Amino acid sequence: MTVGTTTKPELREVVHQAARRARIAARALAQLTTAQKNDALHAAADALLAGADQVLAANAEDIAAARAAGTEESLLDRLRLTEARIDGIASGLRQVAGLPDPVGVIIRGSTLPNGLEIKQVRVPLGVVGMVYEARPNVTVDAFGLTLKSGNAALLRGSSSAARSNAALVAILRETLAAQGIPEDSVQLLPSEDRASVIHLIQARGLVDVVIPRGGAGLINAVVRDAQVPTIETGTGNCHVYVHAAADLDMAEQILINAKTRRPSVCNAAETLLIDAAIADTALPRLTEALQRHGVTIHGNLPGQVPATDADWGEEYLTLDIALDVVDDLDAAVEHINTWGTGHTEAIVTGDLAAAREFTSRVDAAAVLVNASTAFTDGEQFGFGAEIGISTQKLHARGPMALPELTSTKWIVWGEGQIRPA
């Protein structure tokens, strides 16, 4: 996605008015009890299930329009909703309701020699803007996490999911109103004009943080042009390194799951690295397994699509994978740290020392040993639905859930103390 620099004054006012309403709603949200937030989340889950037919009808229109526009199947999969996926979305809201409320949690505190009692507590960020592509499930995930953490959400989805998102947000707003919570706690911004993104990410003083979630083009454009703080959810060029001491039965299972379970997600494996010490055995077995599952291999061996530097840095999001044979663990780490995006990296090995070295030296938000990259996911980590997976290093890194949607406040209690001259 390319974010244009031209803007329309009337659209700017629409976005900024929504942000002002969100700020008013955020003040009310910050005062809600945990029970009130949890009741609203359960009510929203019930309402989504009850309104599944209207959501699916809206989604079918989005799918038909996207298919007519020639959208790739991998992107259609991101856009598609089914009864099972709606069930999963509702279940995600219930999981969030069951998680500890981060608001008000005391991170640290002490009593100073002068009697002042100080404590650092978690507080909501305020107004959270989300810019995302395709996936309508993000609409509900963002709502659930922002509500539980006491934040108002400004959602700017893609035009391809406009009908689906509108149907979902309508249900969520009706639920909030019925619960006595400001319906402006969640708002859907116009998506037909890309200028609305600019107005959102440059609404300094109205929006507290923006989180982009989508492809590299979208993320880079938001990070580049934003004038409000941004949490970067990065793309996933994820690697599976099959070490010399790997169990090949395990390696095959992990590789196939990491690559083919859902190729269109950011934690899907995009590169396979095989240690030269076992290449004679591992290479034919693993390539045959990939091909059996319909995966196209990009590499430098006969029968493979010739690989270029672009392949080593590519997030395919399709049934494609880059493959290279590396000399040893040092070479694997060097390859990953050169071409990886800092998302998720995995090693398959029976050597404990090698595993520890790999986890220590690889620079990524998540490093897995003998497990599929598919596990880098908020729900799988026990966080419930996630707002995104951060590949940056400030504030939050990895799957972001409730604590990552809070800031902190210092509260100081005294009894008339004054600071000496």
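Every value quoted in this text rests on a predicted model; they were computed, and no experiment measured them.
Here the straight-line distance linking atom CG of N165 with atom CG of L172 works out to 10.5 Å at 0.5 Å rounding. Interatomic distance, L99 CG to D101 CG, rounded to the nearest 0.5 Å: 10.0 Å. In this structure, CG in L48 is found 7.0 Å from OG1 in T175, a value given to the nearest 0.5 Å. A distance of 12.0 Å separates CG of L81 from CZ of R135, quoted to the nearest 0.5 Å. The CD1 atom of I297 sits 12.5 Å away from the CG atom of D311 when rounded to the nearest 0.5 Å. Note: M400 CE to I389 CD1 = 9.0 Å, rounded to the nearest 0.5 Å.
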R67/L76 under side-chain contact (heavy atoms from CB on, under 4.5 Å): CA gap, chis, key distance, verdict: CA-CA 7 Å; R67 181 172 283 117; L76 289 177; 3.8 Å; yes
Could you go through the side-chain contact (heavy atoms from CB on, under 4.5 Å) check for D324 and H335 one step at a time? CA-CA 10 Å; D324 199 13; H335 184 107; 4.0 Å; yes
Run the numbers on R94 and D46 for salt bridge (charged side-chain N to carboxylate O under 4.0 Å, His left out), then give the verdict. CA-CA 10 Å; R94 299 190 196 282; D46 291 341; 2.5 Å; yes
Let me see the working for T146 and N151 under side-chain hydrogen bond (donor to acceptor under 3.5 Å, both in side chains), right down to the final yes or no. CA-CA 5 Å; T146 52; N151 298 291; over 6 Å; no
Does the pair T376 and N267 meet the rule for a side-chain hydrogen bond (donor to acceptor under 3.5 Å, both in side chains), with working shown? CA-CA 6 Å; T376 307; N267 56 14; 5.4 Å; no
Which is it for D225 and I201 under the side-chain contact (heavy atoms from CB on, under 4.5 Å) test, yes or no, and what are the steps along the way? CA-CA 7 Å; D225 296 332; I201 67 179; 3.9 Å; yes
Test R163 against N59 for side-chain contact (heavy atoms from CB on, under 4.5 Å), laying out the working first. CA-CA 6 Å; R163 301 171 186 85; N59 183 249; over 6 Å; no
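Annotation: side chain of S160 is not in contact with side chain of D62 (no heavy-atom distance under 4.5 Å). Put simply, the side chain of D330 reaches to within 4.5 Å of the side chain of E357, judged on heavy atoms. No side-chain heavy atom of R213 sits under 4.5 Å from any side-chain heavy atom of I387. H199 places none of its side-chain heavy atoms less than 4.5 Å from the side chain of L189. Using a 4.5 Å heavy-atom cutoff, the side chains of F358 and I336 are in contact. In this structure, the side chains of Q291 and L286 stay at 4.5 Å or more apart for every pair of heavy atoms. No side-chain heavy atom of V209 sits under 4.5 Å from any side-chain heavy atom of V228. Contact annotation: the side chain of Y132 never approaches that of T233 to less than 4.5 Å [non-hydrogen atoms, C-beta and beyond].
Under 4.0 Å is where a charged nitrogen must lie from a carboxylate oxygen, and between R85 and D77 at least one such pair does. At a threshold of 4.0 Å, the pair R80-E73 counts as salt-bridged, since one of the basic side-chain nitrogens sits closer than that to a carboxylate oxygen. With respect to R397 and D363, a salt bridge is recorded, a charged nitrogen being found less than 4.0 Å from a carboxylate O. Taking the charged nitrogens against the carboxylate oxygens, R20 and D184 have no contact shorter than 4.0 Å, which rules out a salt bridge.
Judged purely by atom type and a 3.5 angstrom limit, Y241 uses its side chain to pair as donor or acceptor with the backbone of L329. Side-chain N or O atoms of Q392 include one that pairs as donor or acceptor with a backbone N or O of L394 at under 3.5 Å. The backbone N or O of L188 sits nowhere less than 3.5 Å from a side-chain atom of R156 that would complete a donor-acceptor pair. With Q304 contributing its side chain and L301 its backbone, the two residues share a donor-acceptor pair below 3.5 Å. At distances below 3.5 Å, not a single donor-acceptor pair connects side-chain atoms of S360 with backbone N or O atoms of R356. Side-chain N or O atoms of Q187 include none that pairs as donor or acceptor with a backbone N or O of L154 at under 3.5 Å. With hydrogens and angles disregarded, a donor-acceptor distance shorter than 3.5 Å links the side chain of S390 to the backbone of A396. The main-chain N or O of E183 is found under 3.5 Å from a side-chain atom of R173 such that the two form a donor-acceptor pair. Although no hydrogens or angles enter the test, the distance criterion places no donor-acceptor pair under 3.5 Å between the side chain of Q31 and the main chain of A28. With hydrogens and angles ignored, the 3.5 Å screen pairs a side-chain donor or acceptor of K259 with a backbone N or O of D320.
L29 approaches A152 most closely through the heavy-atom pair CD1-N, 3.6 Å. I274 approaches A282 most closely through the heavy-atom pair CG2-CB, 3.9 Å. The shortest heavy-atom contact between R285 and E252 is NE-OE1, 2.8 Å. Taking each heavy atom of I171 and V55 in turn, the nearest pair found is CD1-CG2, 3.7 Å. Here the shortest heavy-atom pairing between V240 and A269 reads CG2-CB, 3.9 Å. Pairing each heavy atom of L93 with each of A44, the nearest pair is CD1-CB, 3.9 Å.
Residues W339 and H239 place their aromatic rings such that the two centres sit no closer than 6.0 Å.
Under the side chain to side chain contact (heavy atoms under 4.5 Å, CB included) criterion, R23 pairs with R27, V127, D208, sequence neighbours left out. Residues forming a side chain to side chain contact (heavy atoms under 4.5 Å, CB included) with Q120 (at least two apart in sequence, or on another chain): I107, R108, T408, W410. Under the rule for a ring-ring contact (aromatic ring centres under 6.0 Å, His included), the partners of H298 that lie at least two apart in sequence or sit in another chain are Y316. For the ring-ring contact (aromatic ring centres under 6.0 Å, His included) test, no residue two or more places apart in sequence or in another chain qualifies with H343. The side chain to side chain contact (heavy atoms under 4.5 Å, CB included) search around S91 returns Q95, not counting sequence neighbours.
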Show me the side-chain donor-acceptor pairs of residues 214-222 shorter than 3.5 Å, one per line, residues at least two apart or across chains.
unit_1	atom_1	unit_2	atom_2	d
N220	ND2	A216	O	3.1

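Surrounding CD of E288 are more than 12 heavy atoms belonging to other residues, nucleotides or ligands, all under 6.0 Å away.
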